[in-house]
Amino acid sequence: MDIECQIGANRANWDERVDGHLIAYDVDGFVDTPTRLTSIVRADLDAMTPHLPDRTPAGLTLVHLQCHIGLDTLSWARLGANVTGVDFSPKSIEAATDIARRAKLCARFVESDVDHAAEHLGEQFDVVYTGIGALPWLPDLARWAQVIAALLRPGGLFYIRDSHPTLNALDYDRPDGELVLRQPYFAAGASLRYDDGTTYADPNMVLTNATTYEWPHSLSEIIGSLLKAGADRGGVSPTDGPAHLQLRHRRQTREPRAA
């Protein structure tokens with residue numbers, strides 16, 4: 001199966017997740033509580049604040065790649081950012097747009113895969129943001145990093161918090177509890193097929209579009225892709241929990257000198 005068909009299968013899977021996630025994420029509670037922020041954004045705000053102008057997202061333009069139904073995106077809107085959310089799932093974008101309307105929040109949601117996001121948006125942002133669980137769904141990190149560079153305003157901030165790639169390679173079914181790699185850690189040029197038919201947000205949900213495809217990416221590939229795309233400076237930091245790393249970088253404020 002070619003990559004486009006695999007991405008199509010993933011899109012159908014994420015479309016089908018939306019109705020269950022609207023319940024599992026307590027969207028009604030989010031809408032009805034104007035001060036509510038998602039736990040992810042609360043944590044990421046603490047990490048990002050030292051790197052933001054005036055130590056606040058208020059007034060900044062922020063684009064959220066792979067935003068799903070937009071609760072994290074809209075949390076940034078509640079913090080004063082001018083937000084745009086991007087996702088390849090049309091049903092997710094429809095839901096995010098409706099949540100913004102119900103919550104009376106100003107936000108734009110655009111249906112697009114990551115590879116074509118810069119073309120669809122046609123502008124640059126102060127902050128490019130990606131949340132947990134995004135990278136394994138992308139087959140090409142070189143293209144991902146190029147899109148981030150195209151979307152990021154000179155001097156802007158890119159931020160991601162995601163699982164350390166080692167966690168995605170571990171064998172979680174071993175009865176002896178030993179830490180053993182089961183899946184590839186380094187990019188192997190091929191996807192990994194899963195037929196779980198459920199979702200992390202609600203393990204009781206049974207999905208008709210059960211088959212998904214993910215791509216392994218090592219930490220060196222992630223950071224190397226950003227550096228090759230023009231990252232100026234940044235950092236990699238462990239969070240309080242063992243499961244995630246924070247990555248951030250600023251785009252160069254000027255073009256590099258010719259050799």
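Computed from a predicted structure; not experimentally measured.
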Check whether any side-chain heavy atom of [X] sits under 4.5 Å from a side-chain heavy atom of [Y], and report yes or no.
| X | Y | value |
| --- | --- | --- |
| Val41 | Thr38 | yes |
| Leu74 | Phe109 | yes |
| Pro53 | Leu60 | yes |
| Leu192 | Asn168 | no |
| Tyr159 | Val128 | no |

Without swapping roles, check the side chain of [X] against the backbone of [Y] for a donor-acceptor pair under 3.5 Å.
| X | Y | result |
| --- | --- | --- |
| Asp126 | Thr61 | yes |
| His68 | Gly70 | no |
| Arg182 | Ala169 | no |
| Arg78 | Leu37 | no |
| Asn10 | Tyr213 | yes |
| Asp162 | Gly133 | yes |
| His120 | His116 | yes |
| Thr56 | Ala58 | yes |

* How far apart are the C-alpha atoms of Asn209 and Glu16, what are their side-chain angles, what is the distance that settles it, and do they pass the side-chain hydrogen bond (donor to acceptor under 3.5 Å, both in side chains) test? -> CA-CA 7 Å; Asn209 296 288; Glu16 192 176 352; 2.8 Å; yes
* Within 45° of the axis and under 6.0 Å from the centre of the six-membered ring of Trp14, does NZ or CZ of Arg11 qualify? ->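 Geometry flag: not set, cation outside 6.0 Å or 45°.
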* To do: Measure from NZ or CZ of Arg161 to the centre of the six-membered ring of Tyr129, then state whether that distance is under 6.0 Å and the direction lies within 45° of the axis.
  =>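 Judged by the rule, Arg161 and Tyr129 form no cation-pi pair.
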* **Ionic contact status for Arg193 with Asp195, cut-off 4.0 Å** =>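 Salt bridge present between Asp195 and Arg193.
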